[in-house]
Trainee: 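Attaching a single structure in structure tokens format; questions to follow.
These values consider heavy atoms only, across backbone and side chains, with no hydrogens, waters or symmetry-generated copies.
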Amino acid sequence: VQGKLEEAVDNLVKAIKFTEEDEKGQRTGFALDARTRLAELCQEIGRKRGRQTPKGLEYYRKAVEQRIEINLYYDALLRRDRENKELRAKYYETLYDIYYVQYDSRDQDYMKNALRNVRIVLAMPNVPNKKAFKSLLADLESLEWIRERGIDPYPARCRRTHTTREAIDV
């Protein structure tokens, strides 16, 4: 299955190169759909390869790169039409996607970056769907709090100290 997913990623990358821009140099809707699917596939492969393995993180980086490209597209459109609420919503939705992929990677540097940027977004006025950003912020802050106390929230290995039955009986 992993080989098929990686093959799909390669095919999407090729498709994006050929359909990235129309004759006027504008990004096409198909390229955005392909980039979205590519980001989703890369994130899925990253999970399957292991979030904290070098190969898994490589795919998470690819997923973030695609999400950033999509966000830049909406940013450019929003600069032309600042009053468009639909574009503003899409712009912030893609920002959220970037930070969520960084959070999902469980990479400490990515998570610190996401934490800083989510705080910046929440300080901005008129951010649609602040609830999603606040929820992500709470998750990131709790992981930061755990790490500050010297605890690895995602240890590579762990040893069981008791069974579920023993925990219930206590």
Trainee: Could you tell me if the side chain of V64 sits less than 4.5 Å from the side chain of Q102, heavy atoms only?
Mentor: yes
Trainee: Run the side-chain contact (heavy atoms from CB on, under 4.5 Å) check on D139 and Y103 step by step: do they pass?
Mentor: CA-CA 9 Å; D139 291 344; Y103 163 72; 3.8 Å; yes
Trainee: For a quick check under 3.5 Å, do N117 and N113 share a side-chain donor-acceptor pair by atom type?
Mentor: yes
Trainee: Roughly how far apart are L78 CG and E83 CD, rounded to 0.5 Å?
Mentor: 9.5 Å
Trainee: Can you find a pair of side-chain heavy atoms, one from E69 and one from L72, that are under 4.5 Å apart?
Mentor: yes
Trainee: Within 45 degrees of the axis of the six-membered ring of Y59 and under 6.0 Å from its centre: does K62 put its NZ or CZ there?
Mentor: yes
Trainee: Tell me the closest heavy-atom pair linking L95 and F133, and the distance in Å.
Mentor: CB-CZ, 4.3 Å
Trainee: Looking only at heavy atoms, which two atoms of R147 and M111 are closest? And how far apart?
Mentor: NH1-SD, 3.6 Å
Trainee: Could you measure the distance from the CD atom of E93 to the CD atom of E86? Nearest 0.5 Å is fine.
Mentor: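 Going from the CD atom of E93 to the CD atom of E86 covers 10.5 Å.
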Trainee: So, are E44 and R47 salt-bridged, with charged N and O less than 4.0 Å apart?
Mentor: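 Salt bridge flag = no for R47 with E44.
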Trainee: Can you tell me how far CG of N71 sits from OH of Y92, rounded to the nearest 0.5 angstrom?
Mentor: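 If we round to the nearest 0.5 Å, Y92:OH and N71:CG are 10.0 Å apart.
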Trainee: Assess the side chains of D104 and Y60: does a donor N or O sit below 3.5 Å from an acceptor N or O?
Mentor: yes
Trainee: Do Y99 and L140 have side-chain heavy atoms sitting under 4.5 Å apart?
Mentor: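 Y99 vs L140: side chains apart.
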Trainee: With rounding to the nearest 0.5 Å, note down the distance linking CG in L122 to CG in L137.
Mentor: 6.0 Å
Trainee: Regarding R116 and E144, does a basic nitrogen lie under 4.0 Å from an acidic carboxylate oxygen?
Mentor: no
Trainee: Spell out, as yes or no, whether a donor-acceptor pair under 3.5 Å connects the side chain of T94 to the backbone of K90.
Mentor: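 Yes; judged by distance alone, with no hydrogens or angles, the pair exists.
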Trainee: Heavy-atom count check: over 12 atoms from other residues, nucleotides or ligands less than 6.0 Å from K130 NZ?
Mentor: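 Correct, the count exceeds 12.
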Trainee: Taking atom CG of L41 and atom CD of Q43, what is their separation to the nearest 0.5 Å?
Mentor: 10.5 Å
Trainee: Any non-hydrogen side-chain atom of I45 less than 4.5 Å from a side-chain atom of K48?
Mentor: no
Trainee: Please name the pair of heavy atoms, one in A89 and one in P128, separated by the smallest distance, quoted to 0.1 Å.
Mentor: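 Smallest heavy-atom distance, with atoms named: CA-CG, 4.0 Å.
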Trainee: Could you check whether any side-chain heavy atom of E141 comes within less than 4.5 Å of a side-chain heavy atom of R119, counting everything from C-beta outward?
Mentor: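 With C-beta onward as the side chain, the pair touches.
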Trainee: Closest heavy-atom contact between R88 and N126?
Mentor: CD-O, 4.0 Å
Trainee: With heavy-atom distances below 4.5 Å as the criterion, would you say the side chains of R49 and E58 are in contact?
Mentor: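 R49 does not reach E58 side chain to side chain.
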Trainee: Which pair of non-hydrogen atoms, one from A63 and one from V101, has the smallest distance, and what is that distance?
Mentor: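 Closest approach of A63 to V101: CB-CG1, 3.9 Å.
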Trainee: Considering non-hydrogen atoms only, spot the tightest contact between V118 and L136 and give its length.
Mentor: CG2-CD2, 4.0 Å
